[in-house]
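Worth knowing before you read on, the calculation uses all heavy atoms, side chains too, and leaves out hydrogens, waters and symmetry mates. No experiment lies behind these values; they were computed from the predicted model shown. Read the numbers this way: they start at 1 and go in the same order the structure lists the ligands and their atoms.
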Amino acid sequence: MTGLISRLIFLGPPGAGKGTQAMRLANLYEIPHISTGDLLRTAVQEQTPLGKKAQEYMDQGDLVPDDLMLDLVLHRLEDDDVVKGWILDGFPRNVSQASFLDHLLAEIHQKCNCVVNLEVPDETLVGRMLGRGRQDDNEQTIRHRLEVYHQETAPVIDYYRERNQLVSVNGNLSMDEVTNALKNMLHP
Ligand code: B4P
């Protein structure tokens, strides 16, 4: 990736398109896409000790406990391929994860350049996730994930806003329109 922005965090409610957009930008700029949701789903599929513990939380639409998540992110950010940059998608999901990440980045001498908040209204999100049809995408679980988001993850927006790192982007447009808005914002 040329230019200044090489370490990005994607925030947004479930179904906002974090995974979709993070994957597109990671391909475009050739930096790793680190999705904690994907890491957890792989662990569940492979029935690792982490996967066995995480599954019940994910199936119910709850956050997986921090002690499991922090280790996962710590180890991924120590891999060689992330030295040139990364896009974090789905982490941090609460203020204590955000604070952990700040300390971790300081320790490994890295700095997040930009935190993107994808804004999409709840009713659009429900429709999108029902259309996606993942194991944890039934209406009851989706509604619970939205509640958890508003209670636990939305405060992370203020956390980064107070640190002048936050940029909000309208995610309630077509996938290509959102990608273009992100590209223009990152490399105008
Ligand atoms: P995630 O995998 O992070 O999933 P998500 O928030 O549901 O989806 P995302 O926003 O990435 O939406 P997507 O692009 O797929 O989390 C899953 C679970 O893992 C959590 O509930 C939690 O249990 C656990 N977890 C993960 N991280 C954690 C953490 N840090 N701490 C604790 N627990 C954690 O888009 C959704 C759908 O919309 C897709 O079908 C897509 O095609 C469509 N779409 C996207 N953009 C669109 C657009 N612009 N227009 C129309 N459709 C669009």
H33 and D38: side chain donor to acceptor below 3.5 Å: no

Shared hydrophobic cluster, V83 / I34 (ILVMFWY, side-chain heavy atoms < 4.5 Å): no

CE-CD distance between M69 and Q97, expressed to the nearest 0.5 angstrom: 6.0 Å

D62: numbered ligand 1 atoms lying under 4.0 Å from its heavy atoms: 22 (C), 23 (O)

Contact partition for E177 relative to ligand 1, non-hydrogen atoms under 4.0 Å: neither

From D122, D59, D136, D62, residue fulfilling salt bridge (Lys or Arg N to Asp or Glu O under 4.0 Å) relative to R145: D136

Those atoms of ligand 1 less than 4.0 Å from some heavy atom in L173: 48 (C), 49 (N), 50 (N)

Ligand 1 N/O within reach of Q21 N/O, cut-off under 3.5 Å: no

SB check R24 D176 (cutoff 4.0 Å): yes

Spatial distance of atom CD (Q135) from atom CZ (R41) [nearest 0.5 Å]: 10.0 Å

Inter-residue atom distance N117.CG - K18.NZ, 0.5 Å rounding: 10.0 Å

Which of the ligand 1 atoms, numbered from 1, are nearer than 4.0 Å to a heavy atom of P13: 10 (O)

Whether Y29 and H187 hold their rings parallel, tilted or perpendicular, with breakpoints at 30° and 60°: tilted

Heavy-atom neighbours of E119 CD exceed 12 at 6.0 Å: yes

Option with minimal heavy-atom separation from atom 38 (O) of ligand 1, where the choices are R132, Q55, R128: R128

Side-chain donor or acceptor of R93 paired with backbone N/O of G90 under 3.5 Å: yes

Residue G19 vicinity, atoms of ligand 1 by number, heavy atom under 4.0 Å: 9 (P), 11 (O), 14 (O)

Any N/O pair P92/ligand 1 closer than 3.5 Å: no

Polar contact flag for L63 and ligand 1 (N/O pairs, less than 3.5 Å): no

Option nearest atom 19 (O) of ligand 1 (shortest heavy-atom distance, choices Q135, Q60, M58, M129): M58

Ligand-side contact atoms (ligand 1) for residue partner S174, heavy atom cut-off under 4.0 Å: 49 (N)

Ligand 1 N/O within reach of R41 N/O, cut-off under 3.5 Å: yes

Taking atom 33 (N) of ligand 1 as the reference point, the nearest protein heavy atom with its distance: V64 N, 3.1 Å

Ionic contact status for E139 with R143, cut-off 4.0 Å: yes

Numbering as shown, the atoms of ligand 1 that approach T36 to under 4.0 Å (heavy-atom distance): 26 (C), 27 (N), 28 (C), 30 (N)

Heavy-atom nearest neighbour of atom 1 (P) of ligand 1 within options K18, R93, E56: R93

4.0 Å heavy-atom contact, S35 with ligand 1: no

Numbering as shown, the atoms of ligand 1 that approach T20 to under 4.0 Å (heavy-atom distance): 13 (P), 14 (O), 35 (O), 41 (C), 45 (C)

Heavy-atom proximity to atom 17 (C) of ligand 1, best of R134, E152, M175: R134

Q47, CD atom: more than 12 neighbouring heavy atoms under 6.0 Å: yes

For ligand 1, the portion of L40 having any non-hydrogen atom under 4.0 Å away: side chain

Residue part near ligand 1, for A54, under 4.0 Å between non-hydrogen atoms: neither

Which of the ligand 1 atoms, numbered from 1, are nearer than 4.0 Å to a heavy atom of G17: 10 (O), 12 (O), 13 (P), 14 (O), 35 (O), 45 (C), 46 (N)

Linked, directly or transitively: L40 and F100 (ILVMFWY side chains, under 4.5 Å): yes

Any N/O pair R145/ligand 1 closer than 3.5 Å: yes

Neighbour count above 12 (heavy atom, 6.0 Å) for Q45 CD: no

Contact partition for Q97 relative to ligand 1, non-hydrogen atoms under 4.0 Å: side chain

Reference residue R76; test side-chain contact (heavy atoms from CB on, under 4.5 Å); the match among L74, V73, D79, L72: D79

Part of V148 within contact of ligand 1 (heavy atoms, under 4.0 Å): neither

A16 near ligand 1 by a heavy-atom separation under 4.0 Å: yes

Proximity to ligand 1 by part of M69, non-hydrogen separation under 4.0 Å: side chain

